[in-house]
Amino acid sequence: MKAEPETRIVKGVDVKFSIDNLRQMPNSISEWDGVRNFEARNIMRDQMKIGDKILFYHSNCKAPGVAGVATIVREGYPDYTAFDPDHPYFDTKSNKEEPKWYMVDVQFECKFSQVLTLNSLKQADELKEMVLIKRGRLSVQPVRKSEYDFILSNAEIEG
DNA sequence: GCCAACGTTGGC
DNA sequence: GCCAACGTTGGC
């Protein structure tokens, strides 16, 4: 799951969100709101289950890469930020009766001492088929167990 | 249901 | 800040 750790202003609101921001939330839990892509939405709505681990990826920043791990603690439910005209993620085409967008809740699991950069991930033969490498440009995407295990085995966990 | 125009993502 | 790649929209 990708988030942007550096300041980005959308309708006057800074939408940056890093692994540190997640850790600092109450109980280190946050809603994963603002996803406005059908394929990414379907993954959150239909596939993610409580207890699933996710790789927290920092995108659109100086050092893009995997920053740590989080866990799904609530399965897909309507992304209500789409209903609020004052919210940066408002969408006129979504409403409570027929929600167009969905989100999950995630809880901080661990942070890597150093971000595993996209550049370094690209060097690994084990990750050649990874959606992140092959395709990019999708903010919620599937990770094979072998890819997840490889990434974790190459990460140093902070603390 | 095609596809051109347009908008967004996200690395660099 | 540029721009390639890709997703979405809307006219026909």
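Just so we're on the same page: letters track the sequence lines, and every chain starts at 1.
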* Between C/dT8 atom P and A/Trp101 atom CH2, what is the distance in whole Å? -> 7 Å
* So does A/Lys2 get a side-chain nitrogen or oxygen closer than 4.0 Å to the phosphate oxygens (OP1/OP2) of B/dG10? -> yes
* Please name all residues satisfying side chain to side chain contact (heavy atoms under 4.5 Å, CB included) with A/Arg144, sequence neighbours left out, ordered by chain then number. => A/Glu129, A/Ser146, A/Glu147
* Roughly, in whole Å, what's the span from NE2 in A/His58 to P in B/dT9? -> 17 Å
* **Closest to the A/Arg8 side chain, choosing from B/dG11, C/dG10, B/dT9** => B/dT9
* Heavy atoms under 4.0 Å, any strand shown: does A/Lys122 hit a base, just sugar-phosphate, or nothing? -> sugar-phosphate
* Asked: Sequence neighbours excluded, which residues qualify as side chain to side chain contact (heavy atoms under 4.5 Å, CB included) partners of A/Arg45?
  -> A/Arg41, A/Asn42, A/Tyr102
* To do: Report the C-alpha distance between A/Leu121 and A/Leu116 in whole Å, list the side-chain angles of each, state the deciding distance to 0.1 Å, and finish with yes or no for side chain to side chain contact (heavy atoms under 4.5 Å, CB included).
  => CA-CA 7 Å; A/Leu121 300 179; A/Leu116 284 184; 4.2 Å; yes
* How large an angle, rounded to 10°, do the end axes of the helix from B/dG1-C/dC12 to B/dC12-C/dG1 enclose when each is built from five base pairs? -> 10°
* State which residues pass side-chain hydrogen bond (donor to acceptor under 3.5 Å, both in side chains) with A/Thr92; sequence neighbours excluded, sorted by chain then number. => none
* Which pairs with one or both residues in residues 19-47 of chain A pass ring pair (Phe, Tyr, Trp, His ring centres under 6.0 Å), sequence neighbours excluded? -> A/Trp32-A/Phe56, A/Phe38-A/Trp101
* **For atom CG of A/Leu138 and atom C1' of B/dG11, their distance in whole Å** => 16 Å
* Asked: Considering only heavy atoms, which members of residues 31-44 of chain A lie under 4.0 Å from some atom of DNA chain C?
  -> A/Asn37, A/Phe38
* **Listed partners of A/Asp20 passing side chain to side chain contact (heavy atoms under 4.5 Å, CB included), at least two apart** => A/Ser18, A/Arg23, A/Gln24, A/Lys111
* To do: Please name all residues satisfying side-chain hydrogen bond (donor to acceptor under 3.5 Å, both in side chains) with A/Asp52, sequence neighbours left out, ordered by chain then number.
  => none
* Which pairs, with at least one residue in residues 108-145 of chain A and sequence neighbours excluded, count as a ring pair (Phe, Tyr, Trp, His ring centres under 6.0 Å)? -> none
* Structure fact -> A/Asn119 atom CG is separated from B/dG10 atom C1', nearest whole Å, by 15 Å
* **Minimum-distance pair of heavy atoms, taken over all atoms of A/Val106 and A/Ile72** => CG1-CD1, 3.9 Å
Dump every N/O contact between nucleotides 1-7 of chain B and the protein below 3.5 Å, one line per pair.
| from | atom 1 | to | atom 2 | distance (Å) |
| --- | --- | --- | --- | --- |
| B/dG7 | N2 | A/Arg137 | NH2 | 3.1 |

* Structure fact -> Comparing A/Lys93 with A/Lys134, nearest DNA chain C nucleotide closer to 5' gives the residue A/Lys134
* Does the side chain of A/Tyr57 get closer than 4.0 angstrom to OP1 or OP2 of B/dG11 through an N or O atom? -> yes
* To do: Would you list the pairs meeting side chain to side chain donor-acceptor pair (under 3.5 Å) in which at least one residue belongs to residues 60-81 of chain A, sequence neighbours left out?
  => A/Glu4-A/Asn60, A/Glu31-A/Tyr80, A/Arg36-A/Asp79, A/Arg36-A/Thr81, A/Thr71-A/Glu109, A/Tyr77-A/Asp105, A/Asp79-A/Thr81
* Structure fact -> So ring pair (Phe, Tyr, Trp, His ring centres under 6.0 Å) across residues 129-159 of chain A, not counting sequence neighbours, yields none
* To do: Please tell me which of A/Asn60 and A/Lys100 maps to the more 5' nucleotide of DNA chain C, matching each residue to the nucleotide holding its nearest heavy atom.
  => A/Asn60
* **Atom-to-atom span, CD of A/Glu6 to C1' of B/dC12 - whole angstrom** => 13 Å
